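None of these values were measured; they are calculated from a predicted model.
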Amino acid sequence: MPTTHEDTAVVIIGAGVAGLTLGNFLLRSGIDCVVLEKHPRAYVAQRQRAGTIDTFGVRMFREWGLEEVLAGDPISHSEGAFYIDGHAMPVDMDEDHDESLYCPQQVLVRNLTEVFLREGGDLRYEAADVTLENLTGSHPVVRYQDAEGSARAIGCDHIAGCDGFHGVSRRSIPSTALTEYSHEYGYSWLSALAAAPTSPSGMAIHELGLAGMIPRGPAASRIYLQCAVDDTPEQWPDERVWSELEARFGTPPSRGEILSKQIVPLRGVVFDPMSYGGLYLLGDAAHIVPPMSAKGIHLALHDAEVFARAVIRHAEEGDSSLLAGYSETCLPHIWNYQAFATWITETMHNAGFAGFEGEFKRQVARAELQRQFASASANKLFSELTAGTN
């Protein structure tokens, strides 16, 4: 079968948050790019994942003239509450500086897609059998099979691997060229998607374990319940989900049909370096943070902006220094938020459930939380990290 050959400046693998944000940045800067996505458009548009866009993200989209991608079903971050032992606690966020939103990921991706295509972007769905070649040469090549089954090859200057933790991008890098840093937490979450309004909204600490009910739209909620690492979804029938949620929040939740359930292991992962030759890793392809921190989108957006500015500098000025320093620029920021993610994950889980690390750690975690409410300095730092501006 003959192969169709073409060229572009950047091939972006993956049409999620990182890939489409990068694509829009490059398109607005006059940089040619092609976005390849292995799934059909309908699948990408409906897949639901974490949905917090913090202040950093909101301001970043505004600065790039892309504030419209936040339209749709965003819900003010301040509408959530914090519960300890069934009692709602005040969370004093600085409303003048906190602009965070709950924006379901499928809404953000849908909006980014519409803007990209409207502006003439090249987005190709159902790209199968993607392979990356000549990564350390002067002109990398991406080969794939298109939706019609035809073989295609795209030569480019740079490849942006935005295809997630299990994608082909990072797997194309020799294992000897990467160092993986990882941490497995000793508990998991049952994650359930429910067709129900989010009430109560927020996170709850309880001796039975952590719980969360987070908006995914006006009539959809993501439910989280701390569970053992070896639990299975079958151990969590619908009635147990609702009763545990009520017990941990101390108030009856709004109920609806539970559409899906899965066990989510909590972990932190960082790969160093985040580049190999002409391939650059962005988002979950380069790092994972536990969902308790709500920083997955933040780090993906930060990577996309850093890489976009590096490509633009190279294209406009012939200066490759930002590309050469991409990994060194991103990693300190990533580790800063890994530190925050580790702290908030361990504190929130230990403060309620003593069955994992014991009563001593439970009391230490309670003291940590009390400091957030009692100390203006501690609250300021927490607010900065939550807003993504630290």
Side-chain angles (χ1 to χ4, degrees), residues 4-37 56-57 59-69 112-124 127 130 132-144 152-163 167 169-170 172-173 273-283 285-286 299-331 333-334:
T4 301
H5 294 267
E6 58 188 309
D7 289 282
T8 192
V10 182
V11 175
I12 301 170
I13 303 175
V17 170
L20 287 170
T21 298
L22 174 62
N24 275 289
F25 288 170
L26 296 180
L27 192 64
R28 291 186 166 228
S29 303
I31 309 294
D32 290 336
C33 63
V34 175
V35 180
L36 301 180
E37 167 58 48
F56 166 83
R59 292 175 179 175
M60 184 200 70
F61 281 125
R62 186 181 298 140
E63 289 169 4
W64 283 85
L66 285 164
E67 190 170 12
E68 67 180 289
V69 304
L112 286 166
T113 300
E114 291 176 354
V115 173
F116 185 69
L117 294 176
R118 184 190 72 205
E119 300 297 322
D122 190 342
L123 173 51
R124 307 177 188 181
V130 174
L132 314 184
E133 299 177 358
N134 198 33
L135 293 178
T136 58
S138 60
H139 203 57
V141 175
V142 178
R143 296 183 183 273
Y144 72 101
R152 303 180 72 96
I154 309 176
C156 59
D157 299 319
H158 321 288
I159 301 172
C162 307
D163 50 344
S169 297
R170 194 184 63 253
S172 300
I173 300 176
M274 293 168 58
S275 62
Y276 177 75
L279 170 62
Y280 301 82
L281 303 178
L282 288 73
L299 291 178
L301 296 179
H302 183 268
D303 293 348
E305 185 172 42
V306 171
F307 183 65
R309 294 195 183 282
V311 171
I312 293 165
R313 171 79 66 84
H314 180 261
E316 294 181 348
E317 303 177 23
D319 181 355
S320 61
S321 60
L322 295 184
L323 284 169
Y326 168 72
S327 190
E328 290 75 12
T329 299
C330 290
L331 282 168
H333 186 84
I334 291 163

Are side-chain heavy atoms of [X] and [Y] found at a separation under 4.5 Å?
{"X": "Thr8", "Y": "Asp122", "result": "no"}
{"X": "Ile31", "Y": "His314", "result": "no"}
{"X": "Phe307", "Y": "Leu323", "result": "yes"}
{"X": "Phe61", "Y": "Asn24", "result": "no"}
{"X": "Tyr326", "Y": "Leu282", "result": "yes"}
{"X": "Leu66", "Y": "Met60", "result": "no"}
{"X": "Ile334", "Y": "Asp303", "result": "yes"}
{"X": "Thr21", "Y": "Trp64", "result": "no"}

Closest approach of [X] and [Y], non-hydrogen atoms and distance?
{"X": "Leu322", "Y": "Arg309", "value": "CD1-O, 3.9 Å"}
{"X": "Gly161", "Y": "Ala285", "value": "O-CB, 3.6 Å"}
{"X": "Asp163", "Y": "Ser169", "value": "OD1-OG, 2.8 Å"}

Does Asp319 reach the main-chain N or O of Arg313 with its side chain, forming a donor-acceptor pair under 3.5 Å?
no
I'd like to check the ring-ring contact (aromatic ring centres under 6.0 Å, His included) partners of His139; sequence neighbours left out, ordered by chain and number.
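In terms of ring-ring contact (aromatic ring centres under 6.0 Å, His included), with neighbours along the sequence ignored, His139 is linked to no residue.
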Taking only residues two or more places apart in sequence or in another chain, which ones pass salt bridge (Lys or Arg N to Asp or Glu O under 4.0 Å) with Asp157?
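Asp157 satisfies salt bridge (Lys or Arg N to Asp or Glu O under 4.0 Å) with no other residue.
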Just verifying a value: how many Å separate Ser275 OG and Ile159 CD1, rounded to the nearest 0.5 Å?
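If I round to the nearest 0.5 Å, the distance is 12.5 Å.
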